[in-house]
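So the structure is just underneath, and the comments pick up after that.
Lettering follows sequence order; numbering is per chain, from 1. Because the structure is a prediction, the values reported are computed rather than measured.
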There are 2 protein chains.
Amino acid sequence: MNTRPPTLEEVAQRAGVSTGTVSRVINNARHVSEKSKRAVQNAITDLGYVPNTAARSLASQRRGAVVLVISSDDPALFANLFFAEVITGVNAVLEETDLHLMLLLAASQRGRDRFGQVLQSRGADGVMLLALKENDPLSKMAEDSGLPAVHGGRSLDRAPQWYVDADNRGGARTAVEHLISTGRKNIATITGELDTHAGMSRYMGFREAVVLAGLSDKRVAHGDFSESSGAAAMKLLLDDHPDLDSVFVASDAMATGALAVLRERGKRVPVDVAVVGFNDIVTAQHTQPALTTVRQPIEALGREMTRMLIRLLNGEQPTSLILPTELIIRDSA
Amino acid sequence: MNTRPPTLEEVAQRAGVSTGTVSRVINNARHVSEKSKRAVQNAITDLGYVPNTAARSLASQRRGAVVLVISSDDPALFANLFFAEVITGVNAVLEETDLHLMLLLAASQRGRDRFGQVLQSRGADGVMLLALKENDPLSKMAEDSGLPAVHGGRSLDRAPQWYVDADNRGGARTAVEHLISTGRKNIATITGELDTHAGMSRYMGFREAVVLAGLSDKRVAHGDFSESSGAAAMKLLLDDHPDLDSVFVASDAMATGALAVLRERGKRVPVDVAVVGFNDIVTAQHTQPALTTVRQPIEALGREMTRMLIRLLNGEQPTSLILPTELIIRDSA
DNA sequence: TTGAAAGCGCTAACAC
DNA sequence: GTGTTAGCGCTTTCAA
């Protein structure tokens, strides 16, 4: 059962040509006659030849693989299928090439070391980085390695050269405009961490929409994207701004916390207070009432990151991308 | 920036020893004097040497990577973070080795072809297969390749030689015993697809528990693990067995559907009818009332699959594993 | 358009 | 305990 797979040389013999010619056919270079091309292809199928990846890598200096590095092991990241969706997108694009996917969770020091190994040993042709924290060392490591690297999402401190990101600002604006269009005037917001790009962008989107409509942007409370922080912020808002009629919450997790507080305080949603979240996590459709929220195109993020990396690999010049979000209207607003 | 990394030969020169010695140190073979060992290690750090994986693979006939193949792109699989959790477990074990992880989604024909390539080109040293359907060709492909392969979960048709699975039967039994211990006598079940190992095992677990307690095992309706099928099955049960006081449902998705029907029919949960689900999906804690369910050790599944594969790689003889499940008691039973 | 041959950087067998 | 060397299977010049 474990017979050694045929080598390129054996294919050459069978086809009656040189190894050079076989190699040319396989990598479909020009300068091969139809005749020998046919002969080689037959030999390949007859023998069931498959090139040895290690040998190919060594000779060509290309690895035939890209690595997806995920920095955070934050449950919040995983909680909305983010992970699975991104990978689905990445895989879809990779399927059309002959590149393989290596996956690395690099939250720990050990993980970062392993990432360094991959980089230094040229274990991959390119890198996709996801969910980096602020000042994440991975970003610099990738840069120093000189390997092509694309980022999913941005950080506040340093815009990566190539990235794909969701339109957090536009999404927030749309969400708030939806509130406005349904007649809300006293709109509040619960922000996420403002030292993240997403947190700040969503806050900016809120302000933009509200100021453009001639409304107040003073009803603000800060959270950290977590459910409990959303609850705490909602309490503050209710105490400080009892007149509020709606709230844009920068994450669904915080919105869930806010909803619970609203219920406690006897506020009806959406009649008394309308609520819009952000992310469209799985549980958003199961809250009471179901949460109106902004959906990010996560699978598309994976796809576009991969396309971008492939362009880089081909020596082309890609351009960074901001992907549109979508407002999912349910019952809470 | 893109200076060629140092080679083993350069390390040897710097350390004043032969390449053989350097190689021995790196692969920490015995028969190296402390002296040259030290010299080599210094040279390595001085030069920042990292072995070239392709060259190493070619020479050693080992790839330094294992591949995780996921067959299903079924949302049901993804819905409960299954994916993310498995990978977290796999990664944790891999971190302790110098093996890397390749990931392949092989639901499409193209994906299967790529899997075949990896197998034939010896692109990985071993294989982990997840979420195979019945009669999935991937299983046979892996077997034919002769590469070490471990399975997560089993199928009904052919027990793989090496697998890790959750104790579906035991979990179901525990769930039903919980119902019995809280005084329920007229226990019903909604099964999953009985042509899957998990579906059948859970049904078996139900029967075991109920028969052992001297209760009837006749209150049965069949679903296909989906929410809508759970709703339909619940209606049937209510019509055929109006006396039922509880129901063990073979998946949380179906349980969610059942809960909705119970509400429609004015049955109070758990007062009139207690409900236990299976899987502990994220939304289980957000149903009304929160769902009592059976949790599978998914991360552990990933970990144990990986450990098993590593044993195989080392030429050891592992043993297949059934991992215990855990009853999560919430409000519905 | 094709063949021949020199590596790619490492491991492992063998000799010392 | 250490050095030497012949490959691993492919790509890629360079000639022809």
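Note: CG (B:Asn28) to P (D:dG1) measures 14 Å, nearest angstrom. Whole-Å rounding puts the A:Glu9 CD to C:dA5 P distance at 12 Å. Between the CZ atom of A:Arg63 and the P atom of C:dC8 there is a distance of 14 Å, given to the nearest Å. In this structure, the CD atom of B:Glu34 is 15 Å from the C1' atom of D:dT2, given to the nearest Å. The distance between atom CD of B:Gln61 and atom C1' of D:dG9, rounded to the nearest whole Å, is 9 Å. In this structure, NZ of A:Lys35 is placed 12 Å from C1' of C:dT1, rounded to the nearest angstrom. Regarding B:Leu58, its CG atom lies at a distance of 8 Å from the C1' atom of D:dC10, rounded to whole Å. Spacing between atom CZ of B:Arg30 and atom P of C:dA12 amounts to 10 Å, rounded to whole angstrom units.
Expressed to the nearest 0.5 Å, how far NE2 of B:His197 lies from CG of B:Leu132 amounts to 13.0 Å. To the nearest 0.5 Å, the span separating CG on A:Asp165 from CE on A:Met305 amounts to 10.5 Å. Summarising the geometry, atom CG belonging to A:Asp136 is positioned 3.5 Å from atom OG belonging to A:Ser71; distances are rounded to the nearest 0.5 Å.
Taking 4.5 Å as the limit, some side-chain heavy atom of A:Phe83 sits within range of a side-chain heavy atom of A:Leu103. In this structure the side chain of B:Arg114 reaches within 4.5 angstrom of the side chain of A:His100, judged on heavy atoms.
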Going 5' to 3' through nucleotides 11-16 of chain D and flagging B where a protein heavy-atom sits under 4.0 Å of the base, S where only the sugar-phosphate is that close, and - otherwise, we get SBB---
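In this structure, B:Arg14 does not pair ionically with B:Glu10, as no charged nitrogen and carboxylate oxygen lie closer than 4.0 Å.
Between the side chain of B:Arg63 and the backbone N or O of B:Arg122 there is at least one donor-acceptor pair closer than 3.5 Å.
Using a 3.5 Å distance cut-off with no hydrogens or angles, the side chains of B:Gln109 and B:Asp113 do pair a donor with an acceptor.
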Annotated structure of DNA chain C as dot-bracket, pair cut-off 3.5 Å, Watson-Crick or G-U only, | for inter-strand, is ||||||||||||||||
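Regarding contacts with the backbone of D:dG3, a side-chain N or O of B:Thr21 is found under 4.0 angstrom from either OP1 or OP2.
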Would you sort out whether A:Glu304 and A:Arg307 count as a salt bridge (Lys or Arg N to Asp or Glu O under 4.0 Å), showing the intermediate values?
CA-CA 5 Å; A:Glu304 295 306 331; A:Arg307 293 215 177 99; 2.7 Å; yes
